[in-house]
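First comes the structure, then the notes that go with it.
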Amino acid sequence: MLLQMEYEAEKEEFQQAQQARGVERLVARGDAWLPVRVGRSYYNSLNQFCVEVFRQSAEEEEPAEHNFEFGRPVQFFKIDGSNGTNGANGQSHQAQSPHQTHQPQSPHIFSSTGTVSYVDGDRMVVSVPDGFPVSDLLLTDDAQLGVQLFFDETSYRLMFEALERTMRAKGRLGYLRDLFYSRQKAETFSFPDMGFDYLNPTQAHAVNEVLRAKDVSIVHGPPGTGKTTTLVEAIYETLRREPQVLVCAQSNMAVDWISEKLVDRGLNVLRIGNPSRVNDKMLSFTYERRFEAHPDYPQLWAIRKAIRDLRSQKKHGEQWHQKMDRLKSRATELEIRINQELFSQAHVIASTLVGSANRLLDGQKFGTLFIDEAAQALEAACWIAIRRAGRVVFAGDHCQLPPTVKCYEALKGGLGRTLMERIANEKPEVVTLLRMQYRMHEDIMRFSSDWFYHNQMIAAPQVRNRSILDLDLPMTWIEAPVSPSEGDTNGNEAPSGGAGTSLLNKTEAQLTLLSLQAYFELIGRERIMEERLDVGIISPYRAQVQLLRQLLRKNDFFKPFRRFITVNTVDGFQGQERDIIVISLVRSNDEGQIGFLRDLRRMNVAITRARMKVIILGDRHTLTRHPFYRKLWQYIQSLRKTS
C-alpha cells in the first residue's frame with residue numbers, strides 16, 4: 001500500500017534525523033526549540049493537564065520560524081551544560097578536534113509524549129498526560145531544557161482506519177466510494193440558475209452547480225479567481241437548505257482562513273482545534289473558548305477540581321467511591337449539556353481533515369462536507385471526514401501546490417494524486433473552473449493561463465494593466481550567476497551544510513537584494529512608504545530563504561522597509577499575494593540538474609503571488625534546458641520586445 005510506504009519512509013527519515021542531527025540543525029529546521037523556559041502548569045477547559053513553555057532567544061535575533069502547530073506530538077529533553085551544548089541526539093553543537101576523545105553526555109529525553117495545544121510566537125502550551133513530572137523540567141544552572149517534534153503516529157493511524165472503514169463500507173459511504181472510483185455519473189438536481197449580483201458569471205455558475213449536486217461538486221479556483229469568496233457563498237446558500245455543514249481543510253491555516261471569512265459573512269462557526277493564527281477574533285469561535293464562556297462552565301470547573309482533590313486522598317473507602325461517582329456523573333451531565341448547546345447553535349463545524357476524527361464529533365452526521373484546499377490533501381485524509389457526510393464539495397487547484405509526499409516510490413506510485421484530481425479527471429462534468437482573476441497584471445497571468453489552464457483565464461478590467469511604474473515590464477528575468485563552465489565558480493549552487501539537504505547560492509542571494517534595491521530606488525522611498533508597497537521574496541530552497549533573511553537583516557538600505565518585506569519558501573506563500581514578487585531559483589550547475597524545480601506547480605504558485613511585478617533570478621544556462629523554463633524565458637523576452 002502506498003500510504004504504508006509513505007508512513008515507513010517518513011518514520012525512518014524522522015529516526016535518522018534524530019540520530020544524525022544535533023539540536024542546532026533541528027532548531028534551524030524549525031523542529032525544536034532550545035532553550036525553553038517553563039511557565040505555569042494547569043488544567044485547561046477540556047480537562048487536559050497543560051504545561052506552558054517560552055522559547056528563549058537573544059534580543060537581537062528575530063524569532064525563527066518553526067513547524068510546531070496544534071495537534072502535533074512533542075517530547076521534552078534536558079541537556080547537561082557541563083559538557084558544552086549537546087544535541088538532542090547526544091552530539092555536541094561545537095565542532096570537536098579529531099584528537100578529542102571524550103564523548104558528550106547524552107541528554108535526558110522525557111519518555112512521555114505531549115501534544116501541542118496552543119502556539120503563538122514564542123509561547124507554546126503542551127498538553128501532557130496526568131502525572132507528568134513537571135518538577136523534573138526545572139533546571140540546574142548549567143542545564144538547558146528543550147522541546148522537539150515527535151513522529152506523528154496519530155494522523156497515519158486515522159488515515160489507515162479511514163481507508164479500512166471505507167473499503168468495507170455499505171450505505172452512503174460505500175456509494176460515494178464506488179462513485180468516486182468509477183465512471184458512473186454523479187447525480188444532480190435540476191433547477192434554473194439563481195442570480196448572484198455580487199459574483200461574476202463563473203462564480204455564480206459554480207455556486208449553482210454546488211447547490212444542484214446530489215453527490216459531488218468541484219470548484220476549481222486558479223490564483224486570484226475568488227475561490228474563497230465563491231466557496232463562502234456556496235456554504236451560505238447551502239445553509240439556507242440544511243441546518244449545519246462540516247468545513248475541513250488539510251492545514252490549520254487553511255481552516256482558519258475559510259472560518260474567518262465565514263464569520264465575516266455572519267455565520268456561527270465552531271472551530272474544533274486551536275487556530276494557527278492566534279488573535280482574539282480567531283479564538284472567539286474556537287470550541288475551547290466557547291466552552292469556557294458557557295454559563296455552566298464555572299460549576300463544571302469546580303466539580304473537576306473536587307474530583308482531582310478527591311483523587312489525591314490516600315484512603316479510598318466506600319464513601320469515597322460514592323462521592324467520586326456522584327461528582328463524575330454530575331460532571332458528565334454538565335459536559336453533555338454544554339456540548340449540545342454549542343453544537344446546536346453552530347451553523348458551521350470547522351476542523352482539519354484529521355481533526356474531524358475528534359471525539360467531540362462522534363455520532364455527528366452532516367448533509368454536506370466542504371473540503372477547501374482539497375488539492376493539497378492526501379486521499380486517505382479526505383476519507384476521514386467524508387464518512388460524516390452525505391455529499392462532498394471539493395475546492396482548490398490541482399495546478400498549485402500538491403500534497404507533501406516524502407517517499408519517492410510512493411509518489412511514483414500515485415500517492416501524490418489527490419481525490420479531487422482523480423474525480424476531476426474521471427468526471428469533468430462536476431468541475432466548474434473560475435476563469436476571471438482579480439489579482440495580477442494580464443501579462444503575469446497570461447503565462448500561467450497558457451501553460452496550466454488551457455488559456456482560459458481572463459484578467460478583470462480593474463487589474464488588467466495594473467503596474468507600479470509607467471512603461472514598466474510586469475515580468476523580468478535577471479540572469480543570475482553562470483555555471484562554472486562560463487567562468488564563475490562563485491555563482492554555483494552549494495549544499496547548505498546546516499539545514500539538511502537544502503541548497504543555497506550565495507552570489508544569487510546577494511544579487512537578489514541588489515536587484516530589489518535597484519527597483520526600490522526607481523520607485524522612490526516616499527512612494528513605497530506612502531502606498532505601503534509590499535514584497536515577497538521567494539525561494540524553493542529553505543537554506544536560501546534563511547540566507548536571504550540574514551542578508552536582509554544586515555542590509556541598512558532595507559531597514560525602513562523591512563515590515564513590508566516577507567522572505568519565505570513557496571509553501572509559505574501559498575494563498576498569499578504581494579505587489580512585488582522576487583524569486584531566487586538557486587540552481588546553477590554544469591549538468592542542468594534542477595531537482596524539485598521540475599515540480600512546475602510550485603513555480604505556478606510563486607509567479608502568481610504577484611499583483612504588479614515579478615523579478616526572477618536564475619542561471620538561464622542551467623534552467624532553460626527544461627522546456628517550462630525555456631518557454632518562460634522566451635515569454636519574458638517577448639514582453640521586452642513588445643513594450
Side-chain angles (χ1 to χ4, degrees), residues 220 222-225 375-376 396-405 408 411-412 414 416-418 421 424-425 433 437 439-457 459 473-483 492-493 502-503 505 508 512 536-541 544 569-574 581-610 613-642:
H220 183 187
T225 54
Q376 292 184 54
D397 180 11
H398 44 275
C399 299
Q400 294 189 62
L401 289 181
T404 301
V405 177
Y408 176 72
L411 184 64
K412 201 168 143 188
R417 191 185 188 204
T418 64
E421 189 176 358
N425 290 336
L433 176 70
Q437 68 85 20
R439 176 182 298 164
M440 66 203 90
H441 189 289
E442 186 173 33
D443 288 344
I444 300 173
M445 176 207 73
R446 183 60 52 210
F447 181 81
S448 174
S449 176
D450 289 351
W451 188 278
F452 294 99
Y453 305 107
H454 309 292
N455 196 22
Q456 295 187 74
M457 305 307 301
L473 289 172
M475 299 181 75
T476 56
W477 182 318
I478 295 172
E479 290 196 67
V482 295
S483 56
N492 241 32
E493 66 190 52
S502 192
L503 296 174
N505 188 320
E508 184 175 294
T512 299
I537 303 178
I538 302 178
S539 178
Y541 291 92
Q544 186 80 344
T569 59
V570 181
D571 300 60
F573 270 101
Q574 173 77 348
I581 287 292
V582 185
I583 307 169
S584 170
L585 293 174
V586 175
R587 301 310 298 256
S588 178
N589 55 71
D590 260 350
E591 297 76 28
Q593 296 296 321
I594 62 171
F596 72 94
L597 291 185
R598 287 191 303 268
D599 187 343
L600 306 179
R601 291 170 293 186
R602 292 182 178 280
M603 220 28 213
N604 187 32
V605 172
I607 292 171
T608 58
R609 298 311 91 196
K613 179 73 172 181
V614 176
I615 301 171
I616 297 171
L617 290 101
D619 176 5
R620 175 168 63 96
H621 302 281
T622 298
L623 293 161
T624 56
R625 297 189 202 184
H626 188 286
F628 173 87
Y629 294 95
R630 183 164 60 252
K631 185 79 173 176
L632 178 59
W633 165 265
Q634 291 167 351
Y635 176 77
I636 292 172
Q637 299 316 300
S638 72
L639 295 179
R640 186 184 299 276
K641 291 173 185 174
T642 56

Please lay out, stage by stage, how Thr476 and Val614 fare under the test side chain to side chain contact (heavy atoms under 4.5 Å, CB included).
CA-CA 6 Å; Thr476 56; Val614 176; over 6 Å; no
Checking side chain to side chain contact (heavy atoms under 4.5 Å, CB included) for the pair Asp619/Arg587: CA distance, chi angles, key distance, verdict?
CA-CA 7 Å; Asp619 176 5; Arg587 301 310 298 256; over 6 Å; no
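- Side-chain contact between Leu585 and Ile616 is present, with at least one heavy-atom pair separated by less than 4.5 Å.
- The structure places CG of Leu401 at 8.0 Å from CG of Asp599, a figure rounded to the nearest 0.5 Å.
- Put simply, CZ on Arg620 and CD1 on Ile478 are 14.0 Å apart, with the number rounded to the nearest 0.5 Å.
- Nearest approach of Met445 to Ala459, heavy atoms of both residues: SD-N, 3.5 Å.
- When side chains are defined from C-beta on, Ile583 does not count as touching Ser539, because their heavy atoms never get closer than 4.5 Å.
- Of all heavy-atom pairs spanning Gly618 and Leu623, the tightest one is CA-CD1, 3.7 Å.
- Looking at Thr512, its side chain does come within 3.5 Å of a backbone N or O of Glu508 through a donor-acceptor pair.
- Pro223 and Gln437 get closest at one heavy-atom pair: O-CB, 3.6 Å.
- With a 4.5 Å cut-off on side-chain heavy atoms, Arg640 and Leu473 count as touching.
- Evaluation of the side chain to side chain donor-acceptor pair (under 3.5 Å) rule for Thr569 yields no partner, not counting sequence neighbours.
- In terms of heavy-atom proximity, Asn604 sits nearest to Ser448 at OD1-OG, 2.6 Å.
- At a threshold of 4.5 Å between non-hydrogen side-chain atoms, the residues Met475 and Leu632 count as touching.
- Shown here are the salt bridge (charged side-chain N to carboxylate O under 4.0 Å, His left out) partners of Asp571, two or more places apart in sequence or in another chain: Arg602.
- A donor-acceptor pair is defined here as one N or O able to donate and one able to accept, closer than 3.5 Å; such a pair exists between the side chain of Arg625 and the backbone of His621.
- Side-chain contact annotation: Gln544 with Ser584, donor-acceptor N/O pair under 3.5 Å present.
- The shortest side-chain heavy-atom distance between Asp450 and Lys631 does not fall under the 4.5 Å cut-off.
- Of all non-hydrogen atoms in Val586 and Glu493, the two that sit nearest each other are O-CB, 3.8 Å.
- With contacts defined as side-chain heavy-atom distances shorter than 4.5 Å, the pair Gln400/Phe452 does not qualify.
- Around OH of Tyr408, the count of heavy atoms belonging to other residues, nucleotides or ligands within 6.0 Å does not exceed 12.
- A donor-acceptor contact under 3.5 angstrom links the side chains of Asn455 and Arg446, judged on distance only.
- Residue Asp590 holds its CG atom at 7.5 Å from OG1 of Thr622, rounded to the nearest 0.5 Å.
- Interatomic distance, His454 NE2 to Cys399 SG, rounded to the nearest 0.5 Å: 7.0 Å.
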Run the side chain to side chain contact (heavy atoms under 4.5 Å, CB included) test on Arg609 and Met440 for me, step by step, so that the C-alpha distance in whole Å, both residues' side-chain angles and the decisive distance to 0.1 Å come before the verdict.
CA-CA 8 Å; Arg609 298 311 91 196; Met440 66 203 90; over 6 Å; no
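- Between Phe573 and Thr608, the closest side-chain pair of non-hydrogen atoms is not below 4.5 Å.
- Annotation: the span from Ile615 atom CD1 to Ile538 atom CD1 amounts to 12.0 Å, rounded to 0.5 Å.
- Looking at Phe447, Tyr635, Trp633 one by one, the single match for ring-ring contact (aromatic ring centres under 6.0 Å, His included) with Phe628 turns out to be Phe447.
- For the atom pair Met603 CE and Tyr629 OH, the distance stands at 5.0 Å (nearest 0.5 Å).
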I would like to know whether His626 and Leu597 meet side chain to side chain contact (heavy atoms under 4.5 Å, CB included); could you show each step before the answer?
CA-CA 10 Å; His626 188 286; Leu597 291 185; over 6 Å; no
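- Two residues are said to be in side-chain contact when any heavy atoms from C-beta on lie closer than 4.5 Å; Thr225 and Met457 meet this criterion.
- Across all their heavy atoms, Gly595 and Tyr541 have their closest contact at CA-OH, 4.4 Å.
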